[in-house]
Amino acid sequence: MGCQEVHAVTLFAFVCGTASIAGLFAATLLPQWRLMKLYTFNRNEKNLTVSMGLWVKCTRLEWSRDCMIYDTEWYASVDQLDIRVLQFALPFSILIGAAALILCLIGICNTTFSSNVPSLKIAKCLVNSAGCHLVAGMLFCLAGTMSITPSAWVIFYNNILNSRYGPYFTYDIAVFVAIGSAGGMFFTAALLFMWYCNCKSLSSAYWQPLYSHIPNMQNYIPPSYSSQSPLSPIDIDFPVTYTV
């Protein structure tokens, strides 16, 4: 697999990374991270269901979709530690994933539009596609770790709340969306690492320009030098060793 070609692996990784970031963004906005059910023994009243998100809280009657009380200032008065951590972790995870996605796109564009034989004068300044994909994969791993850790913690924190206040708390669909999006980021990182390992030769520095084949150097014919230059009054003697 050559470094100077765009492969289905890199394109699929870009699509998968985009879908993962979109899913994580949706999970951040969803108000269904935790459900709290309030039961009443009065037959003239109905049970209540409280849906808690990272930013808003909705209180509605049981089996109803309309919110009786829609608290838009819930983000400032959160008293649950796991949700407070998610308020900081998920936005940072989205920013890191977006940076990784931009790097992945730069690597794809560089592979598509760069020439196979660049000028030797600017070869050290060129952006390497393999290096971009490698760093993008590392950033996707970091973003996935930052999102999956507090999202999975919500599941265990429910047990703490239930043991403290009673069996009223359950986790909702946003937890699964966030964990699935984090898994998509890890899968994207695995695709980018696979492309990097199959493309890159281990003998060169990972950020320097790579070539899938030896560049055609016919256009760069070095001038021939003699032991004595006719254009210089200084004689240049080269040591010659003889072996028998």
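Keep in mind that the numbers below use all heavy atoms, side chains included, and drop hydrogens, waters and symmetry copies. The first residue in the sequence is number 1, and the count goes up from there.
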With side chain to side chain contact (heavy atoms under 4.5 Å, CB included) as the criterion, how do W55 and I83 come out once you've worked through the C-alpha distance, each side chain's angles and the decisive distance to 0.1 Å? CA-CA 9 Å; W55 318 106; I83 293 182; over 6 Å; no

Quick check: does any side chain N or O of T149 sit under 3.5 Å from a backbone N or O of M146, one acting as donor and the other as acceptor?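 Side chain of T149 to backbone of M146, a donor-acceptor pair under 3.5 Å: no, none is there.
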
Flag if over 12 foreign heavy atoms under 6.0 Å of [atom1], [X]:
{"X": "I173", "atom1": "CD1", "result": "no"}
{"X": "F25", "atom1": "CZ", "result": "no"}
{"X": "Y75", "atom1": "OH", "result": "no"}

Listed once per pair and sorted, the side-chain hydrogen bond (donor to acceptor under 3.5 Å, both in side chains) pairs that draw on [range], sequence neighbours left out:
{"range": "residues 87-107", "value": "R84-Q87"}
{"range": "residues 172-188", "value": "none"}
{"range": "residues 20-35", "value": "R34-Q80, R34-D82, R34-N158"}

Does the pair L81 and W153 meet the rule for a side chain to side chain contact (heavy atoms under 4.5 Å, CB included), with working shown? CA-CA 10 Å; L81 183 59; W153 186 29; 3.5 Å; yes

Quick check: closest heavy atoms across [X] and [Y], and the distance to 0.1 Å?
{"X": "W195", "Y": "V9", "value": "CB-CG1, 4.1 Å"}
{"X": "A189", "Y": "G137", "value": "CB-O, 3.3 Å"}
{"X": "S151", "Y": "L90", "value": "OG-CD2, 4.4 Å"}

Quick one: are the ring centres of Y171 and Y157 less than 6.0 Å apart?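 Here the rings of Y157 and Y171 have centres that are no less than 6.0 Å from each other.
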
According to a 4.5 Å side-chain heavy-atom criterion applied to Ile, Leu, Val, Met, Phe, Trp and Tyr, with indirect links allowed, do [X] and [Y] form part of one hydrophobic cluster?
{"X": "L161", "Y": "Y168", "answer": "yes"}
{"X": "I155", "Y": "M36", "answer": "yes"}
{"X": "L29", "Y": "V78", "answer": "yes"}

Could you measure the distance from the [atom1] atom of [X] to the [atom2] atom of [Y]? Nearest 0.5 Å is fine.
{"X": "L61", "Y": "L48", "atom1": "CG", "atom2": "CG", "result": "6.0 Å"}
{"X": "F14", "Y": "T10", "atom1": "CZ", "atom2": "OG1", "result": "10.5 Å"}
{"X": "I21", "Y": "L24", "atom1": "CD1", "atom2": "CG", "result": "8.5 Å"}
{"X": "S51", "Y": "K57", "atom1": "OG", "atom2": "NZ", "result": "11.0 Å"}
{"X": "F169", "Y": "S163", "atom1": "CZ", "atom2": "OG", "result": "10.5 Å"}
{"X": "L191", "Y": "F140", "atom1": "CG", "atom2": "CZ", "result": "10.0 Å"}

Would the pair C67 and C58 meet an SG-SG distance criterion of under 2.5 Å?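 Answer is yes, sulfur atoms closer than 2.5 Å.
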
Does the side chain to side chain contact (heavy atoms under 4.5 Å, CB included) test come out yes or no for C141 and M185, once each step is laid out? CA-CA 7 Å; C141 283; M185 289 186 177; over 6 Å; no

